[in-house]
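For reference, the structure is listed below as structure tokens.
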Amino acid sequence: MPDRFVRVALGVTLGLLIAFVAQPYILAFLYSANAPRSVAARGDLSAAEKTTVDLFASASPSVVHVFAQAAAQGRALMEPDDEFGQGEQQQGSGTQTGTGFVWDAAGHVVTNNHVVEAATKGGGSISVRLASGEVIGARVVGTAPTYDLAVLQLGRVAKMPPPLAVGTSADLKVGQSAFAIGNPFGLDHTLTTGVISALQRRLPTQEGRELSGVIQTDAAINPGNSGGPLLDSAGRLIGVNTAIFSPSGASAGIGFAVPVDVVNRVVPDLIKNGRVRNPGIGIIAGQEATAARLGIDGVVVLRVLPGSPAAQAGLRGVDPRTGTIGDVIVGANGRPVHRLSDLTAAVEEAGLDRPVSLLVERDGRVRTVRVNTADVAQTRL
């Protein structure tokens, strides 16, 4: 009896072992999908997905890829394309690439000034690739370095892409959805999504200025996105992507965009005049770092331009012979001025040919000075 039990147990164990070893082969024989599988029904897209899909379908034809060649160099044609390379700056070829979008039915394209700067200064050329794949020559109509904006004019186009719908940045809320379309690392028409992370950021630009009211977003913005549109959930333009904050140079979830209300004010000036009229008072400010080392809280007037509103109001700069400090601006339109960006924001908020009330300190005494703004294109303010 025990021997029979042992034999049965061994037989069962052996059978289980054989079944275990043979299981993969049995399953492969019985269940292998050696023919195309049937497609499972998906159902409708969610409302949010439909909104995003429709937004991209509507806006992407208006987004273009900008190529700015610093100088005509035949050897650039022999270098590999930057499809997965530097994106915004293709090293060695002198080609700057970025994004732009169609502004109007006349074929004006808005992009960042830093995308086309090398071409405009170096006598180079600019071309634009449309969503259709058509490559068109373009010329610079005007640039606004203080806002990092530029306007291009497309050459002859077989079919003009539609202009983007324009929204407003005045009523934006932190947390609302944001969508960026661009050409990161040379990858055409890439959509990234996120939210508006913050408002009223300040961003350094050229000419010693800081742009105020800048939009911060966590929608992925990488090299090559510069000059592309930032859209709201209605597909309206709310900003122009201009910079990222990243130690590595790639997206770290902190991107910045020029607010559309600034764009909508600057671009028409560029189209009409080739330059933007900068409201200012006609001073050149002293270095902020030097002022801080001297314990000065405010904007030191380094020099007053002859005939400017500041000169007419009697403002005084640093004495070039003795180095004696003249006027320090400590307030503007009822708000304190600690640095140049505070004064710039107050002047730009006032606009052209409008009065600005300044608090000016001279020889330890503070007085109020009323100055009318004017177009002072060649000054810092």
Side-chain angles (χ1 to χ4, degrees), residues 62-64 66 68 98-117 119-121 123-128 130 136-157 160-170 205-207 209 211-214 226-230 236-242 257-282 305 307-309 344-345 347-356 372-381:
S62 305
V63 180
V64 303
V66 179
T99 304
F101 57 90
V102 178
W103 179 259
D104 58 25
H108 290 112
V109 168
V110 175
T111 186
N112 279 152
N113 176 68
H114 76 257
V115 172
V116 299
E117 185 176 23
T120 57
K121 290 184 177 180
S125 61
I126 298 172
S127 59
V128 171
L130 306 181
I136 306 295
R139 64 179 179 86
V140 176
V141 172
T143 62
T146 56
Y147 303 98
D148 196 16
L149 293 173
V151 174
L152 312 178
Q153 173 71 67
L154 294 177
R156 188 178 298 276
V157 182
M160 186 67 68
L164 277 179
V166 174
T168 178
S169 49
T205 61
Q206 297 185 23
E207 311 296 334
R209 287 179 177 244
L211 182 60
S212 60
V214 172
S226 287
L230 187 69
R236 304 180 309 162
L237 179 72
I238 57 172
V240 176
N241 300 318
T242 189
V258 181
V260 68
D261 289 351
V262 172
V263 178
N264 211 5
R265 175 172 61 84
V266 170
V267 168
D269 257 1
L270 294 181
I271 293 173
K272 287 187 293 186
N273 307 312
R275 52 175 289 270
V276 64
R277 297 177 299 163
N278 292 314
I281 59 175
L305 299 183
S308 67
T344 300
V347 170
E348 290 189 349
E349 185 179 292
L352 278 170
D353 303 318
R354 304 294 297 175
V356 176
N372 285 325
T373 64
D375 180 13
V376 286
Q378 302 304 316
T379 70
R380 288 188 178 180
L381 184 64

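Just so you know, residue 1 is the first one in the sequence shown, and it goes up from there. Note: hydrogens, waters and symmetry copies are ignored here, and every other heavy atom, side chains too, is used.
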| Counting only N and O atoms by type, is there a donor-acceptor contact under 3.5 Å from the side chain of D148 to the main-chain atoms of H114? | yes

| Would you find a donor on one side and an acceptor on the other, under 3.5 Å apart, between the side chain of S308 and the backbone of G282? | yes

| Any idea which heavy atoms bring Y147 and V258 closest together, and the distance? | O-CG2, 3.7 Å

| note | Partner of I271 under side-chain contact (heavy atoms from CB on, under 4.5 Å), picked from V151, V266, V110, is V151

| Set of side-chain contact (heavy atoms from CB on, under 4.5 Å) partners for Q153, sequence neighbours left out | H108, R139, V141

| request: Applying side-chain contact (heavy atoms from CB on, under 4.5 Å), run through T168 and I238 and close with a yes or a no. | output: CA-CA 6 Å; T168 178; I238 57 172; over 6 Å; no

| task | Apply salt bridge (charged side-chain N to carboxylate O under 4.0 Å, His left out) to D261 and list each qualifying residue two or more places apart in sequence or on a separate chain. | result | none

| task | Considering non-hydrogen atoms only, spot the tightest contact between F101 and G228 and give its length. | result | CD2-C, 4.3 Å

| remark: OG1 of T242 to CG of N112, rounded to nearest 0.5 Å, is 3.5 Å

| task | Taking all heavy atoms of A144 and all of V276, pick out the closest pair and write down the distance. | result | CB-CG1, 3.7 Å

| field | Residues that S127 engages under side-chain contact (heavy atoms from CB on, under 4.5 Å), provided they are two or more places apart | value | F67, V135

| request: Apply side-chain contact (heavy atoms from CB on, under 4.5 Å) to D353 and list each qualifying residue two or more places apart in sequence or on a separate chain. | output: none

| task | With sequence neighbours excluded, tell me which residues meet side chain to side chain donor-acceptor pair (under 3.5 Å) with R236. | result | D232

| message | Any heavy-atom pair between the side chains of L154 and M160 that's under 4.5 Å? | response | yes

| task | With rounding to the nearest 0.5 Å, note down the distance linking CZ in R265 to CD in E348. | result | 6.0 Å

| With no hydrogens and no angle check, is any side-chain donor or acceptor of T143 less than 3.5 Å from a backbone partner on P145? | no

| field | Counterpart residues, side-chain contact (heavy atoms from CB on, under 4.5 Å), relative to N372 (two or more places apart) | value | P355

| field | I136 side chain reached by L130 side chain, heavy atoms, under 4.5 Å | value | yes

| field | Shortest non-hydrogen contact between V347 and I281, atoms and distance | value | CG2-CG2, 4.5 Å

| task | Start with the C-alpha gap between V66 and I126, add the side-chain angles, then the distance that decides, and say whether side-chain contact (heavy atoms from CB on, under 4.5 Å) holds. | result | CA-CA 7 Å; V66 179; I126 298 172; 4.2 Å; yes

| message | Side chains of W103 and L152, heavy atoms from C-beta outward: is any pair under 4.5 Å? | response | no

| Step-by-step side-chain contact (heavy atoms from CB on, under 4.5 Å) determination, L164 to V102 | CA-CA 6 Å; L164 277 179; V102 178; over 6 Å; no

| If you take all heavy atoms of A374 and P309, which pair is closest and at what distance? | CB-CG, 3.7 Å

| Nearest atoms (heavy-atom pairs only) where L149 meets N113 | O-CB, 3.6 Å

| Does the pair V356 and T373 meet the rule for a side-chain contact (heavy atoms from CB on, under 4.5 Å), with working shown? | CA-CA 7 Å; V356 176; T373 64; 3.5 Å; yes

| said: Closer than 3.5 angstrom, by distance alone: can the side chain of T111 be matched with the main-chain N or O of A150 as a donor-acceptor pair? | reply: no

